[in-house]
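Computed from heavy atoms alone, side chains included, the values below leave out hydrogens, waters and symmetry copies.
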Amino acid sequence: MDIKELYLKTIFCCMACDGDIAKEEIELVKNITSKQGTFGDINVEATINEYVTSINADGASFLKKYLQELGSQRLSDEEQTKIVDFAIQTIFADNRIEYSEVKFFKKIRSRLSLTDEQILAIHANIEDFLLPDINVEEDPIWDNIIFDNINFAEYGKK
């Protein structure tokens, strides 16, 4: 997987990890993808719709597979910093922080080599996200979240 797709998948997984994609999160994707050349020639809407189909079919396995993919990448500090930044922007987009989102961020964080100081230099307001409270090495469990009704249809609407 190339880095552009990894960034987009990070955003998607952070949107979907609570079982719902908020309109504010869709707006964030529109803003990020329209303002930055980060995603190059990726058809963002089509790619995310593929992710939607996969997560609705596979549920939490989709998120677990993303975490495995992330863990297998050799990423520079700059690439890791972008992943953290995209994840945090997405989690904060709907102005509602769910524990499932914080837990998912911790799973992402455990697969990166950035220090807490490097992360806090980008987002000083997430100290709580860095506190240990779960075993981030274990397989994630999303028993109480249903993934078969995730929708990204609002993306193409003006």
* Check against side chain to side chain contact (heavy atoms under 4.5 Å, CB included), Leu67 and Arg111 -> CA-CA 8 Å; Leu67 292 169; Arg111 286 150 177 86; 3.6 Å; yes

* **Working for side chain to side chain contact (heavy atoms under 4.5 Å, CB included), residues Phe104 and Asp18** => CA-CA 9 Å; Phe104 191 70; Asp18 62 355; over 6 Å; no

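- Under the 4.0 Å criterion applied to side-chain N and carboxylate O atoms, Lys82 and Glu79 are not assigned as salt-bridge partners.
- Heavy-atom minimum distance, Lys107 versus Ser110: O-OG, 2.8 Å.
- To the nearest 0.5 angstrom, Ile21 atom CD1 is 11.0 Å from Asp94 atom CG.
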* Assess whether side chain to side chain contact (heavy atoms under 4.5 Å, CB included) is satisfied between Phe86 and Val29, documenting all intermediate values. => CA-CA 10 Å; Phe86 287 141; Val29 172; over 6 Å; no

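- Interatomic distance, Cys13 SG to Glu69 CD, rounded to the nearest 0.5 Å: 8.5 Å.
- Between the CG atom in Leu8 and the CD1 atom in Ile3 there is a gap of 11.5 Å [rounded to 0.5 Å].
- Nearest approach of Met15 to Thr90, heavy atoms of both residues: CG-CG2, 3.3 Å.
- Looking only at distances, a side-chain donor or acceptor of Arg109 sits under 3.5 Å from a matching main-chain atom of Leu114.
- Here the straight-line distance linking atom CD1 of Ile48 with atom OG1 of Thr53 works out to 12.0 Å at 0.5 Å rounding.
- In the displayed structure, Glu127 atom CD is contacted under 6.0 Å by at most 12 heavy atoms of other residues, nucleotides or ligands.
- Looking only at side-chain heavy atoms (C-beta outward), Phe129 and Ile97 come within less than 4.5 Å of each other.
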* Would Tyr7 and Ile42 count as a side chain to side chain contact (heavy atoms under 4.5 Å, CB included) if you check the C-alpha gap in whole Å, the side-chain angles of each, and the deciding distance to 0.1 Å? -> CA-CA 11 Å; Tyr7 291 153; Ile42 293 177; over 6 Å; no

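- Note: Phe12 and Phe62 meet the aromatic proximity criterion, with ring centroids under 6.0 Å apart.
- Going from atom SG of Cys17 over to atom CD1 of Ile108 covers 7.5 Å, rounded to the nearest 0.5 Å.
- Side-chain contact check for Leu75 versus Leu6: some heavy-atom pair is nearer than 4.5 Å.
- There is no side-chain donor-acceptor pair under 3.5 Å between Glu5 and Thr47.
- Annotation for Ile126 and His123: closest pair CG1-O, 3.1 Å, computed over non-hydrogen atoms.
- Atom OG of Ser54 and atom CG of Asn49 lie 11.0 Å apart (nearest 0.5 Å).
- Here the closest heavy-atom approach between residue Ala46 and residue Asn43 is recorded as N-OD1, 3.1 Å.
- One side chain, Gln89 or Asp85, offers a donor N or O that lies under 3.5 Å from an acceptor on the other.
- A donor-acceptor pair is defined here as one N or O able to donate and one able to accept, closer than 3.5 Å; such a pair exists between the side chain of Gln80 and the backbone of Ser113.
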